[in-house]
Amino acid sequence: MRKISVFGATGSIGQSTLDLIARAADDYHVVALTGGANIDQLAKDAIRFRAEVAVTCHDHLLPDLRDRLAGTGIEATAGDHAIDEAATRYADWTMSAIVGAAGLRPGLTALRHGGTLALANKESLVTAGPLLKSEAAGHGARILPVDSEHSAVFQALVGEDIGAVEKVTITASGGALRDWPIEKLASATVEQASTHPTWAMGQRITIDSASMFNKAMELIEAHEFFGLPSTKIDAIIHRESLVHALVGFRDGAIMAHLGASDMRHAIGYALHWPERLDLPVGRLDLARIGSLTFSEADPVRYPALRLARDVMEAGPLAGTVFNAAKEVALDAFIARRIGFTDMARVVETTLNKMFAQDGLAMDDIRLEDIIETDRIARVSAWEAVE
Ligand code: NDP
Ligand code: MG
């Protein structure tokens, strides 16, 4: 039996992961499930999968979670420290699907006991890529990509030499507002930015798709994950979201990865790697689909992509600043304190301010440096919001 834990179990990726686990429940022993406010779902899943421990990040919800799990023998715990403690419990395979920088610490802790970390939480790699990779290498652990584009690149690279790669291109749907006139974008509401044309995802990543901050994060994620320079990584608009990524090689060949827009593919690939097993995802009927379209991402419409390039060139702590400022800008937009196009302004202002200081390009980065940089960047970003 494989021991598994799911961090962010109550979210969109977490639920898709549990859907796959449920289909072969006898093959898995669930160690830990973690969630946030949705303790109803957390308790139900903990009971359904007979988890050892269920953890909510909210301390005040502990009594309620305990009540729901009373008499089941399942431990209930709460708080960030409890999530981290759950990550110290050995699992062969851990899904990192908490949203935001909060996913970093449990991911790092899980890597320290070896095993596989299936990484949906792209914020970890953007915030602390070198640290995650060195922890994995130092403990014989493996990080597998779950973000669909990165899973696609990873699959296209099987048996290939990374030195032969000329260009990695990840695709973007263009998000909820892709057909809006650019002048109207400033007035886009939270609701308007929260509907994705092709993927069903959590609200934060859906808004990030509309602003293309999600794709910007993914460019940095690809840079960290595959160790490629920014000049070899690109994003292209592909409205149908059926081609997830393309890898171009030095001989002119391009390997494209196609599949239904269903995260269970990338999650299932990471779950069963290096094997491929049956997955309950739709099959593409290309003759029916007829045509696939591609176009350049407009840099005026999507300033986030330009900022991502600056970040890749500036060094790892720039990723920490970028992620922190982006999270603040998104919080401020969701709270209706700034407009849609102000998000890029807040991130750019924060980056410029922090680029002006020393230290963003340092190589040997410790967790404390990242936490401190993240803290300062958030303060600076809130100043830019005001
Ligand atoms: P959701 O918002 O749907 O789920 C987030 C999960 O994290 C929930 O379990 C939530 O609990 C929990 N959570 C929220 N805040 C905290 C916190 N401070 N500490 C601990 N747990 C917390 O997000 P998604 O599933 O959409 O995304 C998860 C991650 O995967 C993100 O990093 C995202 O960028 C990435 N990703 C998602 C994709 C998708 O298709 N959804 C595609 C590719 C990557 P609760 O809901 O109970 O409050
Ligand atoms: Mg993606």
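All residue numbers in this chain count up from 1 along the given sequence. Here the structure is a predicted model, which is why all the values come from computation and not from measurement. Just follow the structure's listing: the first ligand is 1, and inside any ligand the first atom is 1.
With respect to R204 and D208, no salt bridge is recorded, no charged nitrogen being found less than 4.0 Å from a carboxylate O. With respect to E218 and K122, a salt bridge is recorded, a charged nitrogen being found less than 4.0 Å from a carboxylate O. Salt bridge status for D161 with R250: absent, with no side-chain N to carboxylate O gap under 4.0 Å. Taking 4.0 Å as the cut-off between side-chain N and carboxylate O, D80 and R105 do not count as a salt-bridged pair. The pair R375-E372 counts as a salt bridge, with a side-chain nitrogen and a carboxylate oxygen less than 4.0 angstrom apart. The pair R264-D19 counts as a salt bridge, with a side-chain nitrogen and a carboxylate oxygen less than 4.0 angstrom apart. Ionic pairing of E191 and R336 is present here: one or more N-O contacts between side-chain nitrogen and carboxylate oxygen are shorter than 4.0 angstrom. Taking 4.0 Å as the cut-off between side-chain N and carboxylate O, R68 and D40 count as a salt-bridged pair.
Only the side chain of I83 comes within 4.0 Å of ligand 1, counting heavy atoms alone; its backbone N, CA, C and O stay farther away.
Between OE1 of E149 and OD1 of D147, the angle at the Mg ion (ligand 2) works out to 100°, rounded to 10 degrees.
Where the criterion is an N or O separation shorter than 3.5 Å, residue side chain and backbone included, G100 fails it with respect to ligand 1. Between S12 and ligand 1, an N or O atom pair is found at a separation short of 3.5 Å. Backbone and side-chain nitrogen or oxygen atoms of G202 are examined, and one is located within less than 3.5 angstrom of a nitrogen or oxygen of ligand 1. When only interatomic distances are considered, the shortest N/O to N/O separation between N38 and ligand 1 falls below 3.5 Å. Ligand 1 has an N or O atom lying under 3.5 Å from an N or O atom of A37, backbone or side chain.
What sits closest to atom 28 (C) of ligand 1 on the protein, heavy atoms only, is A97 O, 3.3 Å. Atom 34 (O) of ligand 1 has K122 CE, 3.4 Å as its closest protein atom, hydrogens excluded (heavy atom only). Nearest non-hydrogen protein atom to atom 29 (C) of ligand 1 is I98 O, 3.7 Å. Atom 4 (O) of ligand 1 has its closest protein heavy atom at G11 CA, 3.1 Å. With respect to atom 35 (C) of ligand 1, the closest heavy atom belonging to the protein is A120 O, 3.1 Å. Atom 36 (N) of ligand 1 has its closest protein heavy atom at I205 CD1, 3.6 Å. Nearest protein heavy-atom neighbour of atom 18 (N) of ligand 1: A102 CB, 3.6 Å. Looking at atom 15 (N) of ligand 1, its nearest protein heavy atom turns out to be V99 CG1, 4.1 Å.
At least one heavy atom of E123 sits closer than 4.0 Å to an atom of ligand 1.
Atoms of ligand 1 lying under 4.0 Å from any heavy atom of M201, numbered from 1 in the order shown and given with element: 39 (C), 40 (O), 41 (N). If you number the atoms of ligand 1 from 1 as listed, the ones under 4.0 Å from a heavy atom of N121 come out as 32 (O).
Selection from G36, G8, C57 by nearest heavy atom to atom 16 (C) of ligand 1 gives C57. Of the listed options L125, T10, D40, I13, I13 places a heavy atom closest to atom 38 (C) of ligand 1.
Residues Y269 and F226 share a hydrophobic cluster, clusters being chains of Ile/Leu/Val/Met/Phe/Trp/Tyr side chains in contact below 4.5 Å.
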Using the rule given for ring pair (Phe, Tyr, Trp, His ring centres under 6.0 Å), can you reason through F213 versus F322, listing the C-alpha separation, both sets of side-chain angles and the distance that settles it, and then say yes or no? CA-CA 10 Å; F213 266 108; F322 183 79; 5.7 Å; yes
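For W199 and H265, the ring centers sit 6.0 Å or farther from each other.
Minimum heavy-atom separation, H244 to T171: O-OG1, 3.2 Å.
Of all N, O or S atoms in E218, the one lying closest to the Mg ion (ligand 2) is OE2.
Side-chain contact between L119 and P145: absent, with no pair of heavy atoms (C-beta onward) separated by less than 4.5 Å.
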